[in-house]
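Numbered from 1 within each chain, the chains take letters A, B, ... in sequence-line order.
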Amino acid sequence: NAGVTQTPKFRILKIGQSMTLQCTQDMNHNYMYWYRQDPGMGLKLIYYSVGAGITDKGEVPNGYNVSRSTTEDFPLRLELAAPSQTSVYFCASSLAGGRDTQYFGPGTRLTVL
Amino acid sequence: DQQVKQNSPSLSVQEGRISILNCDYTNSMFDYFLWYKKYPAEGPTFLISISSIKDKNEDGRFTVFLNKSAKHLSLHIVPSQPGDSAVYFCAASSYSGGGADGLTFGKGTHLIIQP
């Protein structure tokens with residue numbers, strides 16, 4: 001099992017550009033999450049999904065969109081990138097939600113200039 | 001407003017001694033707590049958890065203590081080893097909406113184990 005994989009590892013964007021951060025898990029987990037971690041801060045929840053076709057906003061959803069067309073994939077879309085979106089983005093998955101262990105990917109380091 | 005607080009950004013402990021990492025929370029709806037460990041350039045990995053119905057949970061060298069009245073938990077590592085050097089995040093969850101919500105994280109404590 002590869003677990004949770006994320007691509008790309010690093011990316012530099014110009015202000016106003018858009019991109020999609022990819023996340024795939026091979027553990028057949030129902031729940032998937034996107035977090036961002038700013039320097040010196042904890043992780044903050046952007047969006048989550050409880051299954052294919054179902055997504056919901058977390059604490060900091062503005063400027064992002066998600067979709068969940070399959071159990072395995074949970075891409076995060078940034079439209080009109082802004083410097084405030086410079087962060088490290090982590091995708092996670094769990095089998096059964098809040099109580100269950102979340103497994104994290106290695107992260108994508110994004111810089112918006 | 002930070003709901004999960006880790007007030008020590010860093011902690012230095014000698015190898016073989018006990019490491020104690022602290023965490024405070026303000027949201028009384030939290031009823032499940034977790035510790036995650038993170039190495040540089042990697043994602044966080046789960047370490048240990050505790051439900052609010054317990055006050056202690058042990059797993060090998062790691063023990064988590066929960067004091068609900070004080071809204072405080074701590075992670076004890078005994079004995080500390082060089083491989084324990086990492087950033088430790090305290091996280092909390094509340095069983096609302098079926099428990100689907102993500103975790104609320106503290107800012108982390110960087111533990112440095114000195115030889």
Side-chain angles (χ1 to χ4, degrees), chain A residues 2-7 9-10 21 23 25 27 29-51 54-61 66 68 74 76 87-109, chain B residues 1-10 21 23-27 29-54 57 59 64 86-110:
Chain A
V4 180
T5 56
Q6 292 183 237
T7 56
K9 283 188 168 43
F10 305 94
L21 282 67
C23 175
Q25 54 93 6
M27 297 174 282
H29 284 172
N30 293 317
Y31 295 77
M32 296 188 75
Y33 308 86
W34 275 106
Y35 293 89
R36 60 177 285 175
Q37 185 190 12
D38 299 332
M41 303 295 288
L43 283 72
K44 293 191 176 181
L45 183 66
I46 306 171
Y47 270 95
Y48 67 96
S49 169
V50 303
I54 307 170
T55 63
D56 207 347
K57 296 177 181 179
E59 184 184 353
V60 290
V66 293
R68 182 100 181 267
F74 190 38
L76 178 71
S87 190
V88 181
Y89 291 83
F90 291 102
C91 179
S93 72
S94 71
L95 183 62
R99 288 285 186 274
D100 204 29
T101 299
Q102 291 189 21
Y103 296 86
F104 285 81
T108 294
R109 184 175 293 274
Chain B
D1 179 35
Q2 264 194 287
Q3 299 186 67
V4 177
K5 300 178 184 179
Q6 294 178 256
N7 291 320
S8 298
S10 66
L21 293 87
C23 177
D24 297 294
Y25 61 96
T26 57
N27 188 341
M29 297 299 291
F30 288 144
D31 58 2
Y32 194 69
F33 304 90
L34 310 91
W35 286 92
Y36 277 80
K37 177 179 179 179
K38 185 183 179 304
Y39 292 118
E42 294 184 10
T45 55
F46 170 75
L47 193 58
I48 192 168
S49 63
I50 188 166
S51 165
S52 60
I53 62 172
K54 293 186 174 182
N57 189 27
D59 184 2
V64 56
V87 177
Y88 289 78
F89 289 101
C90 174
S93 171
S94 61
Y95 199 74
S96 61
D101 297 355
L103 299 170
T104 301
F105 284 83
K107 292 183 179 182
T109 296
H110 185 194

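The shortest non-hydrogen separation linking A/F90 to B/K38 is CZ-CE, 3.4 Å.
In this structure, chain A has a heavy atom under 4.5 Å from the backbone of B/A41, while its side chain stays farther away. Using a 4.5 Å cut-off between heavy atoms, A/Q37 touches chain B through its side chain atoms alone.
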Practice problem: Could you go through the side chain to side chain contact (heavy atoms under 4.5 Å, CB included) check for A/Y35 and B/L103 one step at a time? | Solution: CA-CA 9 Å; A/Y35 293 89; B/L103 299 170; 3.8 Å; yes
Practice problem: In sequence, state the C-alpha distance, the side-chain angles, and the governing distance for A/T101 and B/Y36, and then conclude on side chain to side chain contact (heavy atoms under 4.5 Å, CB included). | Solution: CA-CA 10 Å; A/T101 299; B/Y36 277 80; 4.3 Å; yes
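For A/D56, there are no salt bridge (Lys or Arg N to Asp or Glu O under 4.0 Å) partners at least two apart in sequence or on another chain.
In B/F30, the CZ atom is crowded: over 12 heavy atoms of neighbouring residues, nucleotides or ligands sit closer than 6.0 Å.
We find the NZ-CZ distance between A/K44 and B/F105 to be 13.0 Å, quoted to the nearest 0.5 Å.
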